[in-house]
Amino acid sequence: MAMFRSRLARSRKSTDAVRGIEGRLYGLVNIAGGAAPATWMPSTRVSREDWRTLFAANLETAFFMSQAVANEIRAQGGPGSIVSVSSIS
């Protein structure tokens with residue numbers, strides 16, 4: 001199941017949806033690196049506030065999705081993997 005979710009509440013909805021799928025959950029691939037159009041500029045011009053907002057959105061989403069999926073994999077009693085990829089290009 002491929003999903004894009006950007007906040008904690010959506011992460012919870014995503015893991016609830018995964019629980020409804022037949023079969024086991026074996027892992028997660030986090031792909032973080034989205035940026036608001038306001039920050040599409042040379043990094044020398046990005047404000048501290050924009051950077052913190054961008055960083056928090058990307059990092060928190062990956063962390064909380066990983067946490068939720070790890071808990072689900074453990075609850076199923078199986079092995080699993082979590083891979084996180086990021087970019088700020």
Side-chain angles (χ1 to χ4, degrees):
M1 170 179 268
M3 293 185 167
F4 171 77
R5 300 294 180 199
S6 61
R7 290 288 179 212
L8 178 57
R10 292 181 187 155
S11 297
R12 288 186 180 132
K13 288 180 184 178
S14 296
T15 52
D16 288 344
V18 168
R19 285 186 193 109
I21 296 173
E22 187 175 330
R24 293 190 55 147
L25 177 62
Y26 290 97
L28 169 71
V29 176
N30 283 309
I31 302 174
T39 63
W40 295 354
M41 64 185 79
S43 61
T44 56
R45 293 179 33 213
V46 175
S47 72
R48 182 176 295 275
E49 180 180 338
D50 285 341
W51 172 251
R52 286 184 175 163
T53 300
L54 171 69
F55 187 80
N58 283 295
L59 185 61
E60 287 179 8
T61 300
F63 175 79
F64 287 114
M65 280 300 294
S66 296
Q67 185 182 58
V69 169
N71 285 333
E72 187 63 22
I73 290 170
R74 290 182 74 186
Q76 292 178 358
S81 299
I82 296 175
V83 176
S84 295
V85 180
S86 66
S87 170
I88 183 91
S89 51

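Computed from a predicted structure; not experimentally measured.
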### Message
Can you confirm whether more than 12 heavy atoms, excluding those of Arg74, are under 6.0 Å from its CZ atom?
### Response
no
### By ring pair (Phe, Tyr, Trp, His ring centres under 6.0 Å) - contacts of Tyr26 (at least two apart)
none
### Task
Kindly compute the distance separating CG (Leu59) from CG (Leu54), expressed to the nearest 0.5 Å.
10.5 Å
### Task
Just jot down the side-chain contact (heavy atoms from CB on, under 4.5 Å) partners of Thr44, sequence neighbours excluded, or say none.
Pro42
### Message
Just to verify, what does Asn71 make a side chain to side chain donor-acceptor pair (under 3.5 Å) with, not counting sequence neighbours?
### Response
none
### Message
For Ile82, give me all partners under side-chain contact (heavy atoms from CB on, under 4.5 Å), at least two apart in sequence or on another chain.
### Response
Leu28, Asn30, Ser66, Ala70, Ser84
#### Entry: Set of side-chain contact (heavy atoms from CB on, under 4.5 Å) partners for Ile73, sequence neighbours left out
Leu25, Val69
### Message
Quick check: do Arg52 and Phe55 have side-chain heavy atoms less than 4.5 Å from each other?
### Response
no
